[in-house]
Colleague: 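Okay, handing you the structure first.
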Amino acid sequence: MTWSARLDELGIDLPGVVTPLAAYVPAVRTGDLVYTAGQLPIVAGELTATGKVGAEVNPEQAKALARLCGLNALAAVHALVGIDAVVRIVKVVGFVASAPGFHGQPGVINGASELFGEVFGEAGAHARSAVGVSELPRNAPVEVEIVVEVE
């Protein structure tokens with residue numbers, strides 16, 4: 001089964017590529033790796049939530065937002081090389097704008113990690129960092145970037 005067929009089976013439509021917010025491109029290929037820029041939870045050009053996780057945004061909402069970030073990262077990969085060229089997800093880096101005392105960053109970034117597992121199965125298993133930060137661009141609660149091995 002192809003990855004595009006798997007997405008169809010799951011009822012997942014990849015969004016359009018998010019327009020960069022500054023001087024960068026959504027994804028770059030070097031050799032057999034694709035690196036994405038950090039992706040925010042943007043849908044149809046709009047940031048879907050703002051604020052700190054553990055204050056204005058609860059952890060479950062943030063986990064759903066991380067999933068959106070993951071979808072946007074896959075869209076960037078798809079636009080560059082096609083989703084069916086993916087061999088595996090190599091690395092996920094997630095940033096969580098965290099209120100003081102919030103320590104649940106790994107659970108938040110599971111939103112993206114679980115998406116990659118659903119879509120790619122064992123090829124979605126990856127190394128990962130989940131980092132708490134004080135601020136993200138546009139006051140976003142979550143940002144995710146990925147490294148993907150491609151054919």
Colleague: Apart from Val28 itself, what residues make up its hydrophobic cluster when side-chain heavy atoms of I, L, V, M, F, W and Y under 4.5 Å apart count as a link, directly or indirectly?
Modeller: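 Reading the cluster by chain and number, Val28 sits alongside Val25.
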
Colleague: Over all heavy atoms of both residues, which pair between Ala123 and Val87 is shortest? Give the atoms and the distance, please.
Modeller: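 Nearest pair, atom of Ala123 first, then Val87: CB-O, 3.4 Å.
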
Colleague: Kindly work out whether a path of hydrophobic side-chain contacts (I/L/V/M/F/W/Y, heavy atoms less than 4.5 Å apart) joins Val43 to Leu65.
Modeller: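 Linked within one cluster.
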
Colleague: Do Lys91 and Ser129 come within less than 4.5 Å of each other through their side chains, counting heavy atoms only?
Modeller: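 Lys91 vs Ser129: side chains touch.
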
Colleague: Give me the atom names and distance for the closest heavy-atom approach of Gly54 to Ala99.
Modeller: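 Minimum heavy-atom contact is C-CB, 3.8 Å.
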
Colleague: Is there a donor-acceptor pair closer than 3.5 Å between any side-chain N or O of Asp32 and the backbone N or O of Glu151?
Modeller: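 Here the side-chain-to-backbone pair does not exist.
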
Colleague: Quick check: is Leu47 connected to Leu21 through a chain of hydrophobic side chains (ILVMFWY, heavy atoms under 4.5 Å apart)?
Modeller: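 Yes: a chain of side-chain contacts under 4.5 Å links Leu21 to Leu47.
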
Colleague: Show me the pairs that pass salt bridge (charged side-chain N to carboxylate O under 4.0 Å, His left out) and involve residues 113-130, at least two apart or across chains.
Modeller: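 Non-adjacent pairs meeting salt bridge (charged side-chain N to carboxylate O under 4.0 Å, His left out): Lys63-Glu114, Arg67-Glu118.
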
Colleague: Going only through I, L, V, M, F, W and Y residues with side-chain contacts under 4.5 Å, is there a path from Val18 to Phe116?
Modeller: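 Result: no, two separate clusters.
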
Colleague: Considering only residues two or more places apart or on different chains, which pairs with a residue in residues 40-54 satisfy salt bridge (charged side-chain N to carboxylate O under 4.0 Å, His left out)?
Modeller: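 Only Lys52-Glu135 qualify under salt bridge (charged side-chain N to carboxylate O under 4.0 Å, His left out).
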
Colleague: Is it the case that the side chain of Asn110 and the backbone of Ser113 share a donor-acceptor pair, with hydrogens and angles ignored and the cut-off at 3.5 Å?
Modeller: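 Such a contact is absent between Asn110 side chain and Ser113 backbone.
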
Colleague: To the nearest 0.5 Å, how far apart are CZ in Arg88 and CD in Glu149?
Modeller: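 Here the interatomic distance stands at 7.5 Å.
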
Colleague: Please say yes or no: joined through hydrophobic side-chain contacts below 4.5 Å, possibly via intermediate residues, are Ile146 and Val34 part of one cluster?
Modeller: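 Ile146 clusters together with Val34.
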
Colleague: Where the side chain of Gln39 meets the backbone of Ala37, is there a donor-acceptor pair that is under 3.5 Å apart?
Modeller: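 Answer holds: yes.
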
Colleague: With side-chain contact (heavy atoms from CB on, under 4.5 Å) as the test, would you mind laying out the steps for Arg29 and Val150 before giving the verdict?
Modeller: CA-CA 9 Å; Arg29 180 178 184 165; Val150 296; 3.6 Å; yes

Colleague: According to ring pair (Phe, Tyr, Trp, His ring centres under 6.0 Å), who are the partners of Phe102, at least two apart in sequence or on a separate chain?
Modeller: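 Residues passing ring pair (Phe, Tyr, Trp, His ring centres under 6.0 Å) with Phe102: none at all.
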
Colleague: Show the atom names and distances, to 0.1 Å, of all donor-acceptor pairs under 3.5 Å that link a side chain in residues 71-80 to residues at least two apart or in another chain.
Modeller:
unit_1 : atom_1 : unit_2 : atom_2 : d
Asn72  : ND2    : Leu40  : O      : 2.9
Asn72  : ND2    : Ile42  : O      : 3.0
His78  : ND1    : Ile83  : N      : 2.8

Colleague: Is there a path of hydrophobic side-chain contacts, each under 4.5 Å between heavy atoms of I/L/V/M/F/W/Y residues, joining Phe120 to Leu10?
Modeller: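 In one cluster: yes.
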
Colleague: With sequence neighbours excluded, what pairs up with Glu9 under the salt bridge (Lys or Arg N to Asp or Glu O under 4.0 Å) test?
Modeller: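 Partners of Glu9 by the salt bridge (Lys or Arg N to Asp or Glu O under 4.0 Å) criterion, ordered by chain and then number, come out as Arg6.
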
Colleague: Side chains of Leu7 and Asp13: closer than 4.5 Å at any heavy-atom pair?
Modeller: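 Result no, sub-4.5 Å side-chain heavy-atom pair not found.
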
Colleague: For residues Val142 and Val108, determine if any side-chain heavy atom of one lies less than 4.5 Å from a side-chain heavy atom of the other.
Modeller: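 Yes. Closest side-chain heavy atoms under 4.5 Å.
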
Colleague: Going by atom types alone, do Gln105 and Ser98 pair a side-chain donor with an acceptor below 3.5 Å?
Modeller: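 A donor-acceptor contact under 3.5 Å links the two side chains.
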
Colleague: Might you work through the side-chain contact (heavy atoms from CB on, under 4.5 Å) test for Ile109 and Val92, ending with a clear yes or no?
Modeller: CA-CA 9 Å; Ile109 302 306; Val92 173; 4.2 Å; yes

Colleague: Look at the side chain of Trp3 and the backbone N and O of Ala85, then say whether any donor-acceptor pair between them is shorter than 3.5 Å.
Modeller: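 Here the side-chain-to-backbone pair does not exist.
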
